[in-house]
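All chains are named by letter (A, B, ...) in the order of the sequence lines, taking the proteins before the strands, and each is independently numbered beginning at 1. When reading the values below, keep in mind they use all heavy atoms of this one structure, side chains included, and skip hydrogens, waters and symmetry mates.
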2 protein chains.
Amino acid sequence: MPAQLKKISESTIHRLSIYYRALAALEKENRTTISSKELAKRDKLTPAQVRKDLSFFGSFGTRGLGYPVVELRNRIAEIMGLNRLWNVALVGVGNIGSALAQYKEFAKQGFNIKLIFDNDLRKIGSNHKGIIVSDVRNLKSMVVSENIDIVIIAVPAASAQAVCDEVVAGGIKAILNFAPINLKVPDDVVLRNQNMCIELEHLAFALNNKNR
Amino acid sequence: MPAQLKKISESTIHRLSIYYRALAALEKENRTTISSKELAKRDKLTPAQVRKDLSFFGSFGTRGLGYPVVELRNRIAEIMGLNRLWNVALVGVGNIGSALAQYKEFAKQGFNIKLIFDNDLRKIGSNHKGIIVSDVRNLKSMVVSENIDIVIIAVPAASAQAVCDEVVAGGIKAILNFAPINLKVPDDVVLRNQNMCIELEHLAFALNNKNR
DNA sequence: TTATATTTGTGAACAGTTTCACAAAAGAAA
DNA sequence: TTTCTTTTGTGAAACTGTTCACAAATATAA
Ligand SMILES: NC(=O)c1ccc[n+]([C@@H]2O[C@H](COP(=O)([O-])OP(=O)(O)OC[C@H]3O[C@@H](n4cnc5c(N)ncnc54)[C@H](O)[C@@H]3O)[C@@H](O)[C@H]2O)c1
Ligand SMILES: NC(=O)c1ccc[n+]([C@@H]2O[C@H](COP(=O)([O-])OP(=O)(O)OC[C@H]3O[C@@H](n4cnc5c(N)ncnc54)[C@H](O)[C@@H]3O)[C@@H](O)[C@H]2O)c1
């Protein structure tokens, strides 16, 4: 039962991230095995869901006992590509960009912010946590020369598509976008949007429809 | 066909947010009507999807013509609770919290950050975009007295559950959490998590499984 | 060694979501 | 008016994702 054959759903990938975190915690507690039941309870999921998700990638459990914590964690890391370093470039170091540049969790998970870009002359050349801010005019050439895998876009909405086009031209295949705009990318580029207003709108909807 | 009867899925709510934005843009362009076909194309959806989503809430289109832009936008605002002001409190004004405090998009959509809290004496009393940072010890009483609807948690993971418990005790029913931790909340509290590492992990998975 | 208890892995049933397809309604043209 | 075109609204079909239920495998206890 090697490498997965079926298409894996977004929800399964999301839960894999969740299992990965739970397993990391269990590893710290020196737990050696965990059952689908217990793993499910930690995150308000069902045991069947856990088993089904894992079964897409093989069978790493032991019946009557559960899953080996360390091994399963490694296996998920392998599946998700978390057992390696990813080179990340951040474009736009304003309010949100600065916060992201400081964020230690990224490096811990193997996401190494290697380059930072801006178009503001006062920011170019300045030092952000040991990284010198580059001129955005060098964006395309530098994402190529520095082997960037993932680009985070944190520029105003009006500039986001231009930045996006540049990095796509530089061969980037994965983008995390914070600008509240629909970026157009080719089919082979994966784009994820982090839109905080939409998150608040979900909450507003929930509050607005409580007593229905 | 008044007020919706069936349970509305998360995906439908999400798309409603998307339609709302598209309609706002169309309104600026002085478009009076839009067909499901055109609305769909803007966001890589299908016309049937658009019509189905809207049909859960009534029928506001005109056959042969499409939907009236202004009217539909108002109707969605009504459904989602975007035609009013929501009082928001932000807890933790560090890297990400400061960025959020500056973020103008929130106010534009009716999310009014009314209170900001921190536990750092150097920050309490300081002025953030016209808002004086309050002592987190007053969190529970002030979310009540100031009629806060939504709380944004932007404190370190280790403090997030304590903050969460306080605001829940203060009667808050909607929370947007930025700490990378599973908060425990009662069933009647809506919680949404914004976990940026998980977003990057989705991208890592996609890159890692490109040539499968 | 045998019996009993756990827990996995997985087809099958079920539930939820999206897409299809078309009648009905309205607009536009003749 | 009549005809033709467009587009909605919506059941039904197709698809996708979740939960069920149980045989098989292994652990644990007697
Ligand atoms: N502030 C927030 O909390 C927040 C939250 C969610 C999303 N966003 C979005 O993130 C983006 C940035 O927001 P912000 O609040 O940090 O704004 P900001 O104005 O503080 O920062 C934008 C930065 O991008 C730089 N920039 C502008 N055009 C550029 C270009 N063409 N190339 C390179 N750099 C360029 C600016 O010099 C500035 O440093 C916006 O799209 C905003 O809507 C912000
Ligand atoms: N920096 C980022 O880009 C980023 C991105 C995603 C998520 N996050 C998460 O957001 C949270 C905050 O991150 P940050 O980078 O802004 O950290 P930070 O240390 O810069 O800010 C945390 C703030 O919370 C305050 N605080 C601590 N304990 C508190 C308490 N009990 N009550 C009230 N205030 C308290 C601190 O004084 C500080 O001002 C963390 O959980 C982090 O994982 C950060």
For B/W86 and A/L207: C-alpha separation, side-chain torsions, deciding distance, then whether side chain to side chain contact (heavy atoms under 4.5 Å, CB included) applies.
CA-CA 10 Å; B/W86 294 97; A/L207 293 177; 3.4 Å; yes
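- The two atoms that bring B/P68 and B/F60 nearest to each other are CD-O, 3.2 Å, heavy atoms only.
- Counted by atom type alone, A/Q161 and A/D165 present one or more donor-acceptor pairs between their side chains at under 3.5 Å.
- Judged by closest nucleotide on DNA chain D, B/L54 is the one of B/L54 and A/T62 placed further toward the 5' end.
- B/L45 has its CG atom 14 Å from the C1' atom of C/dT17, to the nearest Å.
- Contact check, A/Q49 against D/dT19: a side-chain N or O comes under 4.0 Å of OP1 or OP2.
- Between A/S59 and C/dG9 there is a side-chain N or O to OP1 or OP2 distance below 4.0 Å.
- Distance from the side chain of A/S36 is smallest to C/dT8 among C/dT8, C/dT18, D/dT19.
- Between the CZ atom of B/F57 and the P atom of D/dT8 there is a distance of 17 Å, rounded to whole Å.
- One atom, CD of A/E10, and another, C1' of D/dT18, lie 17 Å apart when rounded to the nearest Å.
- Regarding contacts with the backbone of D/dT8, a side-chain N or O of B/R51 is found under 4.0 angstrom from either OP1 or OP2.
- Closest to the A/K52 side chain, of the nucleotides D/dT19, C/dC20, D/dG9, is D/dT19.
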Yes or no on side chain to side chain contact (heavy atoms under 4.5 Å, CB included) for B/Y67 and B/L23, after CA distance, side-chain angles and deciding distance?
CA-CA 10 Å; B/Y67 299 89; B/L23 291 164; over 6 Å; no
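- Here C/dG27 is the nucleotide among C/dG27, D/dT19, D/dA25 with the atom lying nearest to any side-chain atom of B/L65.
- The distance between atom CD1 of A/I34 and atom C1' of D/dA27, rounded to the nearest whole Å, is 17 Å.
- Atoms NZ (A/K7) and P (D/dC15) sit 15 Å apart, rounded to a whole Å.
- The side chain of B/S11 has C/dT17 as its nearest neighbour among D/dT19, D/dT7, C/dT17.
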task: Could you check B/L26 against B/R42 for side chain to side chain contact (heavy atoms under 4.5 Å, CB included), going step by step and ending with a plain yes or no?
output: CA-CA 11 Å; B/L26 289 162; B/R42 294 177 78 104; 3.4 Å; yes
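- A straight line from CZ of B/F56 to P of C/dT17 spans 8 Å, rounded to a whole angstrom.
- Of the side-chain N and O atoms in B/R63, none sit less than 4.0 angstrom from OP1 or OP2 of D/dT5.
- Closest to the side chain of A/Y67, from the set D/dT26, C/dT8, D/dT18, is C/dT8.
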